[in-house]
Amino acid sequence: MQRYLISYKFYDGKSQEKGGEMLVDWYEGGGPQNRPDGYEVHSWIFMHQNGKGYSVVSANSLETIWRQWRPWRVFMDIDIQPCADLEETVKFFK
């Protein structure tokens with residue numbers, strides 16, 4: 001599996017509010033237990049004050065990632081980049 005850095009930012013406050021409601025529904029519906037096969041989350045951070053978040057995942061394909069993230073596209077810009085390892089990604093944020 002390849003490791004990816006997923007960066008995302010809500011379009012505006014209204015999108016962030018609707019996305020938050022969707023996140024609650026997702027968790028109440030089983031959330032992490034319903035992730036697609038071949039998709040593993042290593043780290044996740046969301047900075048509520050500015051509507052930005054980052055996640056490092058391993059996935060067997062970009063299609064697997066989009067099965068997880070596609071519903072969120074109406075609320076945010078999503079950027080997916082390959083990364084070599086978690087240490088490399090942490091350096092990116094320092």
Side-chain angles (χ1 to χ4, degrees):
M1 284 200 292
Q2 170 68 44
R3 196 172 303 241
Y4 296 91
L5 169 64
I6 302 172
S7 306
Y8 51 93
K9 180 172 179 22
F10 282 94
Y11 295 129
D12 54 32
K14 187 171 223 125
S15 294
Q16 186 172 344
E17 183 179 333
K18 289 181 179 183
E21 292 168 3
M22 188 175 163
L23 183 63
V24 169
D25 292 343
W26 180 74
Y27 268 102
E28 288 177 351
Q33 295 81 10
N34 295 326
R35 287 187 176 128
D37 290 336
Y39 183 91
E40 180 183 349
V41 176
H42 299 287
S43 65
W44 177 80
I45 183 170
F46 176 67
M47 294 175 280
H48 183 73
Q49 68 275 14
N50 61 12
K52 290 183 180 181
Y54 305 92
S55 187
V56 176
V57 305
S58 289
N60 55 15
S61 71
L62 287 172
E63 179 57 35
T64 300
I65 293 173
W66 282 117
R67 276 197 302 268
Q68 179 70 29
W69 285 87
R70 189 172 286 122
W72 301 92
R73 291 183 72 189
V74 298
F75 302 118
M76 61 179 67
D77 283 322
I78 301 170
D79 182 56
I80 302 169
Q81 299 177 20
C83 59
D85 59 33
L86 195 53
E87 286 182 23
E88 175 187 310
T89 305
V90 169
K91 287 178 187 176
F92 174 77
F93 292 104
K94 288 187 174 182

Enquirer: Is it possible for you to say whether W69 and V24 belong to one hydrophobic cluster, with membership spreading through side-chain heavy-atom contacts below 4.5 Å?
Expert: no
Enquirer: Of all residues at least two apart in sequence or in a different chain, which pass the side-chain contact (heavy atoms from CB on, under 4.5 Å) check with E21?
Expert: E17
Enquirer: Considering non-hydrogen atoms only, spot the tightest contact between Y8 and I45 and give its length.
Expert: OH-O, 3.7 Å
Enquirer: Should L62 and V41 be counted in the same cluster of Ile, Leu, Val, Met, Phe, Trp and Tyr side chains packed under 4.5 Å apart?
Expert: yes
Enquirer: Of all residues at least two apart in sequence or in a different chain, which pass the side-chain contact (heavy atoms from CB on, under 4.5 Å) check with Q68?
Expert: W26, R35, P36, Y39
Enquirer: Go through the structure and list residues passing side-chain hydrogen bond (donor to acceptor under 3.5 Å, both in side chains) with T64, not counting sequence neighbours.
Expert: N60, S61, R67
Enquirer: Going by heavy atoms in the side chains, are S15 and M76 under 4.5 Å from each other?
Expert: no
Enquirer: Identify whether F10 and L5 are in the same connected component of the hydrophobic contact network (ILVMFWY, side-chain heavy atoms under 4.5 Å).
Expert: no
Enquirer: Are more than 12 heavy atoms from other residues, nucleotides or ligands located less than 6.0 Å from atom CG of D25?
Expert: yes
Enquirer: Tell me the closest heavy-atom pair linking Y4 and I80, and the distance in Å.
Expert: CD2-CG2, 3.7 Å
Enquirer: Please give me the minimum heavy-atom distance between Q2 and P82, naming the atom from each residue.
Expert: NE2-CB, 3.6 Å
Enquirer: Are S55 and F46 close enough that some pair of their side-chain heavy atoms sits under 4.5 Å apart?
Expert: no
Enquirer: Could you list the residues that satisfy side-chain contact (heavy atoms from CB on, under 4.5 Å) with K52, not counting sequence neighbours?
Expert: K9, M47, N50, Y54
Enquirer: If the condition is side-chain hydrogen bond (donor to acceptor under 3.5 Å, both in side chains), which residues does W66 pass it with, not counting sequence neighbours?
Expert: none
Enquirer: Which pairs count as salt bridge (charged side-chain N to carboxylate O under 4.0 Å, His left out) when at least one residue sits in residues 70-80, sequence neighbours excluded?
Expert: E63-R70
Enquirer: Looking at every non-hydrogen atom in both residues, tell me the closest pair between M1 and G38 and how far apart they are.
Expert: SD-O, 3.4 Å
Enquirer: Quick check: do W72 and L23 have side-chain heavy atoms less than 4.5 Å from each other?
Expert: yes
Enquirer: Let me check something: do I78 and V74 share a hydrophobic cluster, defined by ILVMFWY side-chain heavy atoms less than 4.5 Å apart, either directly or through other members?
Expert: yes
Enquirer: Tell me the closest heavy-atom pair linking S58 and H42, and the distance in Å.
Expert: OG-NE2, 2.6 Å
